[in-house]
Number of protein chains: 2
Amino acid sequence: MSVEDGIDFAIIELFFFAYRDFTSDPDQILADYGFGRAHHRVLHFVSRRPGLTVAELLDVLKITKQSLARVLKQLIDTDHVVQLQGPRDRRQRELYPTAKGRALALALARPQSRRIHAALGDSGITERTLVERFLEAMVNPELRAQIDVGSAKMSGKSHGEH
Amino acid sequence: MSVEDGIDFAIIELFFFAYRDFTSDPDQILADYGFGRAHHRVLHFVSRRPGLTVAELLDVLKITKQSLARVLKQLIDTDHVVQLQGPRDRRQRELYPTAKGRALALALARPQSRRIHAALGDSGITERTLVERFLEAMVNPELRAQIDVGSAKMSGKSHGEH
DNA sequence: GAGATTATGTCAGTACTATTGACGTAATTT
DNA sequence: AAATTACGTCAATAGTACTGACATAATCTC
């Protein structure tokens, strides 16, 4: 059953193929904007957690601020994201999606969501929590705090018009 | 339930986090060899499908031959992979892992497999086929032929010593 | 209040992975 | 004999990431 040497090659490989195709959907859309996968990730988390700070974003993405700089600057310059001075701490920059940014984030998420729904249907899995539990268990325990399934909101207000 | 706008943000995000950590295990080992993720993928598929040709490998990885060239050359120079002239068509180069290559491929797969087993246990999923079916359904239908769960073998002979 | 620390931004240099385009060679097919 | 195929290679470019260094403004600490 391809568990020779006690290694689960089947799921290792399936995970590679699944992720490859999972990211291919938004990649095509992003190309139209001259954006890459890095822009997608930033836009996604800014939309998911409106008001998060630069430091929090770096922590979630696990990249350096120098890597974020270019991508974030482009998203700001193209009016997809805005920065607001932190209310408590004025050194902080709270990141918010604009209406334009939220629209793009949604457009990118739509085909991925469709793929997920289709996969759940095709595989005959009625309990989505099964997949959620498995994926969450794949994440490093000390990093699970970053995941707030359900609590984060994407329907929050954007800051495109003031 | 974070399915606002009809979008399944929960699984989208979990998939990102899960894959991020899934690849972090081998990344650390690869760094010791001066290799990157690209080397891992090549080594994995050469080990999984010993004897596959360059063209077949390009098709699985979905990259160009120019991208493959550098990575493959390094794996050959460091004695992880060997090329044999195709028996039927002498233009082809069949790729095989050496004993050294197979050992590295195994070392890279081990922590990933451990993570998968732990995740299955933690999430209380007793039927591994559930996850396999879901992941396979996430792959583009026209590309599922590339997946031969169970048929490919990693315990095949390597070509390190002749 | 002075000094240390924090949050962010930016400059410079480098590495890895990927791309397109072009050209060459040997082997196979027509 | 000519066309096609499989592979290799050279050159230029792009996207994403890194380390290290330095600057500025705001906050915290003594």
Side-chain angles (χ1 to χ4, degrees), chain A residues 16 19-20 23-24 26-46 51-78 81-96, chain B residues 16 19-20 23-24 26-46 51-78 81-96:
Chain A
F16 164 72
Y19 198 75
R20 182 194 64 182
T23 53
S24 72
D27 279 357
Q28 300 208 317
I29 299 171
L30 289 161
D32 298 336
Y33 292 78
F35 289 161
R37 221 170 268 183
H39 300 84
H40 183 188
R41 289 197 286 265
V42 170
L43 192 54
H44 169 88
F45 284 108
V46 169
L52 94 171
T53 65
V54 171
E56 286 166 350
L57 182 55
L58 291 177
D59 200 48
V60 169
L61 297 176
K62 292 264 170 292
I63 58 173
T64 59
K65 65 179 171 177
Q66 295 90 333
S67 296
L68 176 62
R70 173 189 57 96
V71 170
L72 184 56
K73 192 172 190 320
Q74 284 176 296
L75 287 171
I76 291 168
D77 289 348
T78 55
V81 171
V82 290
Q83 290 180 311
L84 298 184
Q85 206 170 47
R88 281 180 296 276
D89 187 333
R90 286 185 301 171
R91 288 172 306 180
Q92 295 184 330
R93 302 283 178 272
E94 292 189 344
L95 303 173
Y96 292 91
Chain B
F16 163 73
Y19 199 76
R20 182 193 64 180
T23 52
S24 72
D27 280 356
Q28 299 208 317
I29 299 170
L30 289 160
D32 298 336
Y33 293 77
F35 290 161
R37 225 171 265 182
H39 300 84
H40 184 190
R41 288 196 287 265
V42 170
L43 191 54
H44 169 87
F45 284 109
V46 169
L52 93 170
T53 65
V54 170
E56 287 166 349
L57 182 55
L58 291 176
D59 200 50
V60 169
L61 296 176
K62 293 264 171 291
I63 58 173
T64 59
K65 64 178 171 180
Q66 295 89 330
S67 296
L68 175 63
R70 174 189 56 96
V71 170
L72 183 56
K73 192 173 190 319
Q74 285 177 295
L75 286 171
I76 291 169
D77 289 348
T78 55
V81 172
V82 289
Q83 290 180 310
L84 299 183
Q85 206 170 47
R88 281 180 296 277
D89 188 333
R90 286 186 301 171
R91 289 172 304 180
Q92 296 184 329
R93 302 281 180 275
E94 294 188 343
L95 303 173
Y96 293 90

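The model shown is predicted, which means the values in this text are computed figures rather than measured ones. Chain identifiers are assigned alphabetically (A, B, ...) following the order of the sequence lines, protein sequences preceding nucleic acid strands; residue numbering begins at 1 within each chain.
Closest heavy-atom contact between A:Val42 and A:Leu57: CG1-CD2, 4.0 Å. Of all heavy-atom pairs between A:Arg90 and A:Gln85, the closest is O-CG, 3.2 Å. Listed here is the closest heavy atom pair of A:Glu94 and A:Gly86: CG-CA, 4.1 Å. Residues B:Leu52 and B:Phe45 approach most closely at CD2-O, 4.2 Å, considering heavy atoms. The two residues B:Leu30 and B:Gly36 have their closest heavy-atom pair at CD1-O, 3.5 Å. Residues B:Leu75 and B:Thr78 come closest through the heavy atom pair O-OG1, 3.3 Å.
The side-chain hydrogen bond (donor to acceptor under 3.5 Å, both in side chains) test applied to A:Arg91 returns A:Asp89, not counting sequence neighbours. Annotation: side-chain hydrogen bond (donor to acceptor under 3.5 Å, both in side chains) contacts of A:Arg20 (sequence neighbours excluded): B:Gln146.
Note that OG1 of B:Thr23 and CZ of A:Phe16 are 11.5 Å apart. Values are rounded to the nearest 0.5 Å. With rounding to the nearest 0.5 angstrom, the NZ atom of B:Lys65 is 13.5 Å from the CG atom of B:Leu72.
Going from atom CG of A:Asp27 over to atom C1' of D:dG15 covers 12 Å, rounded to whole Å. Here D:dG15 presents its P atom at 14 Å from CG of A:Leu75, a figure rounded to the nearest Å. As a whole-Å value, the separation of A:Glu94 CD from C:dA7 P is 14 Å. A:Gln85 places its CD atom 10 Å from the C1' atom of D:dA25, with the value rounded to the nearest Å. One interatomic measurement links the two molecules: CZ of B:Arg70 to C1' of D:dC7, which rounds to 18 Å at whole-angstrom precision. Between B:Gln92 atom CD and C:dA26 atom C1' the separation is 13 Å, expressed in whole Å. The CZ-P distance, from A:Arg88 to D:dT27, rounds to 12 Å in whole Å. For A:Asp77 and C:dG9, the CG to C1' distance is 14 Å, given to the nearest whole Å.
Taking every heavy atom of residues 55-64 of chain A and every atom of DNA chain D, pairs under 4.0 Å involve A:Lys62, A:Ile63, A:Thr64, by number. Taking a 4.0 Å limit (strictly below) on heavy-atom distances, residues 32-41 of chain A reaches DNA chain D at A:Gly36, A:Arg37, A:Ala38, A:His39, A:Arg41.
Checking C:dT17, D:dA17, D:dA26 against the side-chain heavy atoms of B:Val71 singles out C:dT17 as nearest.
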Can you tabulate the close N/O pairs, meaning under 3.5 Å, that link protein atoms to atoms of nucleotides 1-5 of chain D?
| unit_1 | atom_1 | unit_2 | atom_2 | d |
| --- | --- | --- | --- | --- |
| D:dT5 | O4' | B:Arg91 | NH1 | 3.4 |
| D:dT5 | O2 | B:Arg91 | NH1 | 2.4 |

Close N/O contacts between protein and nucleotides 8-10 of chain D (under 3.5 Å):
| unit_1 | atom_1 | unit_2 | atom_2 | d |
| --- | --- | --- | --- | --- |
| D:dG8 | OP1 | B:Gln83 | NE2 | 2.8 |
| D:dG8 | N7 | B:Lys65 | NZ | 3.3 |
| D:dG8 | O6 | B:Lys65 | NZ | 2.5 |

